Amino acid sequence: MLQQTPVARVEPIWTDWMARWPTPSAFAAASRADVLRAWGKLGYPRRALRLHAAAAVIATEHGDAVPADVDELEALPGVGSYTARAVLAFGHGRRAPVVDTNVRRVVARAVHGAGDAGPARTRADLADVDALLPADDATAAVLSAGLMELGAVVCTARAPRCGDCPVIAACAWQAAGRPAYDGPRKAAQGFAGTDRQVRGRLLDVLRAATDPVDRATLDAAWSDAAQRDRCLHSLLVDGLAEQHDDGRFALPV
DNA sequence: TAGTCGTGGGT
DNA sequence: TACCCAAGACT
């Protein structure tokens with residue numbers, strides 16, 4: 001849920017989610033339609049399906065217990081380098097280099113003296129953070145949480161609060177006079193008018209409907225017919241929607 | 001590896 | 001107002 005999504009928006013949904021589905025097997029038994037409705041407007045709904053699929057794997061292949069092994073975790077749908085190590089560190093209290101957008105920024109500044117992180121260098125990023133971690137599991141896990149929290153609360157992207165920073169004395173960026181970031185800027189994403197917006201509109205209609213909807217109902221969600229059809233097709237391909245025998249559309253069973 | 005995939009709050 | 005950005009993963 002937290003992938004590319006602010007903590008404050010995730011928290012209430014996560015709380016309800018865990019009360020409703022306290023175990024992987026309980027969650028795996030839910031229908032995809034129920035999962036997508038519970039996911040609501042968190043965004044990137046394919047994450048919900050991947051989480052659902054991961055729960056099924058955990059239930060059937062791992063005895064309903066979340067694995068404590070990087071490779072087993074990364075083999076789960078939707079679990080990549082960051083999530084696998086975050087589960088290890090925060091779920092299992094293990095020593096694991098947790099590299100998210102916050103940690104990348106903290107390391108870029110405090111260690112490398114740069115204004116910001118720039119493009120990901122996966123291997124080097126992992127090595128940078130690994131070098132910061134103490135040997136013992138419990139302390140390393142706490143430091144991992146601290147690095148993330150520092151980036152999220154103090155060493156922020158826009159206006160870092162260096163006056164409140166506990167490691168300002170050791171910060172290479174501070175020592176260098178806080179030079180502005182000069183590396184390549186990631187291309188602005190844009191949203192209005194994109195397929196992502198259209199897919200969101202279409203899925204919004206399906207989530208709100210208690211019964212399957214006909215094509216005309218979906219037509220009302222977006223005026224450009226070609227783009228609408230393309231996006232509807234992509235939702236079907238992604239398993240986020242299904243077409244029934246009578247031609248109507250609904251969330252997947 | 002560069003593009004794609006939602007959504008909403010902050011500036 | 002238009003961006004920027006947010007506990008990334010996958011292709």
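None of these values were measured; they are calculated from a predicted model. Chain letters run A, B, ... following the sequence lines, proteins first, then strands; residues in each count from 1.
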Please work out which residues in residues 4-20 of chain A have a non-hydrogen atom less than 4.0 Å from an atom of DNA chain B and list them by number.
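Gln4(A), Thr5(A), Arg9(A), in order of number.
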Remember a base hit wins even if backbone is also touched, and classify [X] as base, sugar-phosphate or nothing at under 4.0 Å, heavy atoms.
{"X": "Arg104(A)", "answer": "nothing"}
{"X": "Phe90(A)", "answer": "nothing"}
{"X": "Arg207(A)", "answer": "sugar-phosphate"}
{"X": "Ala157(A)", "answer": "sugar-phosphate"}
{"X": "Leu42(A)", "answer": "base"}

Quick check: does any side chain N or O of [X] sit under 3.5 Å from a backbone N or O of [Y], one acting as donor and the other as acceptor?
{"X": "Arg94(A)", "Y": "Leu88(A)", "result": "no"}
{"X": "Gln197(A)", "Y": "Gly193(A)", "result": "yes"}
{"X": "Arg20(A)", "Y": "Phe27(A)", "result": "no"}
{"X": "Arg105(A)", "Y": "Ala117(A)", "result": "no"}

With distance as the sole criterion, is a donor-acceptor pair present between the side chains of [X] and [Y] under 3.5 Å?
{"X": "Thr122(A)", "Y": "Asp125(A)", "value": "no"}
{"X": "Arg47(A)", "Y": "Gln4(A)", "value": "no"}
{"X": "Ser81(A)", "Y": "Arg85(A)", "value": "yes"}

Measure the distance from OH on Tyr44(A) to C1' on dC5(C) and round it to the nearest whole Å.
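One finds 11 Å between C1' of dC5(C) and OH of Tyr44(A), rounded.
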Just how far, in rounded Å, is C1' of dA6(C) from CG of Asp116(A)?
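So the two atoms are 13 Å apart, to the nearest Å.
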[M] and [N], which share atom name [atom1], separated by this distance in whole Å:
{"N": "dC5(B)", "M": "dA7(C)", "atom1": "P", "result": "23 Å"}
{"N": "dG3(B)", "M": "dC4(C)", "atom1": "P", "result": "16 Å"}
{"N": "dG8(B)", "M": "dT1(C)", "atom1": "C1'", "result": "16 Å"}

Ala152(A) or Arg158(A): which one's nearest nucleotide on DNA chain C is closer to the 5' end?
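Here Arg158(A) is the residue nearer the 5' end.
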Using chain A heavy atoms and a threshold of under 4.0 Å, write down where along DNA chain B the contacts begin and end, 5' to 3'.
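So the outermost contacting nucleotides come out as dC5(B) to dT11(B).
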Which pairs, protein N/O on one side and nucleotides 9-11 of chain C N/O on the other, fall under 3.5 Å?
from    : atom 1 : to       : atom 2 : distance (Å)
dA9(C)  : OP1    : Gly80(A) : N      : 2.9
dA9(C)  : OP1    : Thr83(A) : N      : 3.0
dA9(C)  : OP1    : Thr83(A) : OG1    : 2.7
dA9(C)  : OP2    : Tyr82(A) : N      : 3.3
dC10(C) : OP1    : Gly78(A) : N      : 2.7

At what distance, to the nearest 0.5 angstrom, does OG1 of Thr83(A) lie from CD of Gln3(A)?
4.0 Å
Nearest 0.5 Å please: distance from the CG atom of Leu2(A) over to the CG atom of Asp100(A).
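So the gap between those two atoms works out to 9.5 Å.
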Identify whether the distance between the nearest side-chain nitrogen and carboxylate oxygen of Arg95(A) and Asp130(A) falls below 4.0 Å.
yes
Heavy-atom distance under 4.5 Å between the side chains of Val205(A) and Phe249(A), does that happen here?
no
